[in-house]
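No hydrogens, no waters, no symmetry mates; every other heavy atom, side chains included, goes into these values. A note on names: the letters A, B, ... follow the listed sequences, proteins ahead of strands, and every chain is numbered from 1.
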Amino acid sequence: MKLHRLLLAPSLGTILIFMVLPIAITTLYSVLTPAQYGGVIWKPSAEAYIRLLFERDIFDDTLTFNTDYLQILGRSVLQAGVATLLCLIIGLPTAWFIATRPPGQKSLWLMLVTVPYWVNLLVRTIALLLILRDEGPINRALQSVGLIDGPLSLAYNNFAIGLGLVSSFLPFMILPLYAAIERFDFSLLEAAYDLHANRRKAFFAVVLPILRPGLIAGGLLVFIPGIGSYLAPDILGGGKTLMLGNLIGMQFQGSRNWPFGAALSTILMAVTLIALFIVARRAAREDA
Amino acid sequence: MRALAILLLTAAPAFAEGDLFIYTWGEYTPPDLVAKFEKEFGVKVHIDSYDSMETMIAKLRAGGAGYDIIVPGDATMQVLIAEGMVEKIDVFAMPNFANVDDKWREVYWDPKREYSAPWAWGSTAFAVDTAVVKGDYSSLAVLFAPADDVKGRINMLRDMNDVINMAERYLGIPRCSESPDEMKRVLELLETQKEWVKSYDSETKELLVSGEAVVSMSWNGYAMRARDEKPTIAYVYPKEGYTGWMDNVAVPKGAPHLDNAKAWVNFIMAPENAAMITNYARYSNGIKGSEAFVEPALAAAPEINPPADAPAPEFIPTCSPEATALIDKVWTKLMN
């Protein structure tokens, strides 16, 4: 018994120091007062949370409703949601294909999925920018064969951000789906056909319920980092639109408002936790 | 265990005597300058680099970073002095201070030069590709009321202060404005301009050289590097004015090797040593007589020699919290 506890110590210690402690500091900072040149003054304040929804008039201190930050939150959720959907559309057939290969080939295909991820995310994101932009190979090629006159605006917009998110997070969708499909007993499908189910019916009534855990895991693994992503909007968006991650970064740099940055991080964590909680509850209920 | 601790405590100063820990921007400290200092003073120099003033301040605030030398920009220098985070080392009394150019002696961030010595200075304005931008390009109108073939090919720095300062100059509004009405006009101008902006990116050299941008905000040193690779790039000193900045050498409070740090500060104010900084980092230094040691092509470069009719660079202190809040608001709305 004692030895068992000791074995847990390294992982518990790691979680305590690198997860619980930073979250506690972030939450604490979010209810303090910003210092003039960055940092915090140890004086409690709810200003950071008020500011999220209301704008304080600098002359008479009245509060008016302000949707700027909600819009940024909404855009982050939307971008992450679209990226998750696209990952699903691309990832499901890919995972199905890999899971239905002969045993000897599967590991090769899985390795191919991970190959691009041997390269650092920053490098990959910049590479994608170089490919997409006006002087990049896509526009050069299209122009040289005469399909377009001027370059297409592929980089520095929401399309580029979405593409960046999909290419960053696709394996996080493919791998859990693959694990789910791999375990799928294909004789169930034959049974469904025997019972006169058509392909559509068999997919929705038999395959999809069994894939649910994989779909949920993949969806969360893409959606959650997608909401807080920093690099794709920063580099591929050309810094022209803010997502939540960039807004948070800004508060710790030029804006010098650490409590507001901490409050945004806390809210991002809260939204994520609530989403996880709802998914877990629903999954538990359906299993029961 | 205790014996080990005592051994470590007593051994540390002896080991540390011959060291100097420098915390500065990347690719900013000439290796030959470091080698010369090490040879002359028998000191081993260690260099760490930061990517932003915020990173540097955060590390100093956390305490115990163990650095002897930092290289803050002008506005940051003022903050560090106000917050008591740097050692008073009386730079003005050092032997080599006589070499410091008069215009860098009484500066707003360190009026008596008690804390800091000049390292390098430059300006933030914009550069154009003269193969595309024809005619008179001496005004900020190139960026804010662009010609048709420039629209969509403009890059702005990803720095809210630099972008907003530039917009304020175009509108004739003072820097660090605390007037919501004035800042509203700044926002309107920037929102109109955003239609024509390709990106807000600090990799200006790369964007200009690749042709992605034909007009880009830029630092003078970066514009020079761009011109090295693409001769049609020209750095512009706009008639409405532009931002100047100076990086300074200072000693953080509690530096473990104070004497070595002071030796470094004095050392870099010698003309032949300051010239090495310019040759390497490609920015002007603030030392008289260093011109003689600067590479001739560099000494004559338009990027570090403003034309006679160019306005003087404007050095901008950190804005008040009220002005910063407005700047933040404008930028957030612009990016929405």
Between [X] and chain A, with a heavy-atom cut-off of 4.5 Å, which part of the residue counts as in contact: side chain, backbone, both or neither?
X: B:Thr318; result: side chain
X: B:Leu157; result: neither
X: B:Glu83; result: side chain
X: B:Thr324; result: side chain

Ring geometry between B:Trp219 and B:Tyr222 (parallel below 30°, tilted from 30 to 60°, perpendicular above 60°): perpendicular
Aromatic ring pairing A:Phe252/A:Trp258, orientation class (parallel under 30°, perpendicular over 60°, tilted between): tilted
Residue part contacting chain B, namely of A:Asn157, when any heavy atom lies under 4.5 Å: neither
Counting heavy-atom pairs under 4.5 Å with chain A, which one of [options] comes out on top?
options: B:Met156, B:Arg61, B:Met53; answer: B:Arg61
options: B:Lys198, B:Lys194, B:Lys333; answer: B:Lys198
options: B:Thr332, B:Val197, B:Asp159, B:Asp201; answer: B:Thr332

Top contributor to chain B contacts, counting heavy-atom pairs under 4.5 Å, from A:Ile72, A:Asp234, A:Asn66: A:Asp234
Option that, when pairs with chain B are counted at under 4.5 Å, heavy atom only, ranks first among A:Lys240, A:Arg75, A:Met250: A:Lys240
Test log, rule salt bridge (Lys or Arg N to Asp or Glu O under 4.0 Å), inputs B:Glu203 and A:Arg133: CA-CA 14 Å; B:Glu203 291 303 321; A:Arg133 62 188 198 175; over 6 Å; no
B:Glu212 (side chain) donor-acceptor with A:Glu135 (main chain) under 3.5 angstrom: yes
Test item: B:Tyr108 side-chain N/O and B:Ile316 main-chain N/O as donor-acceptor pair under 3.5 Å: yes
Aromatic ring proximity B:Phe315/B:Trp245, centre distance under 6.0 Å: no
Pair B:Tyr67 and B:Tyr50, ring centroids less than 6.0 Å apart: no
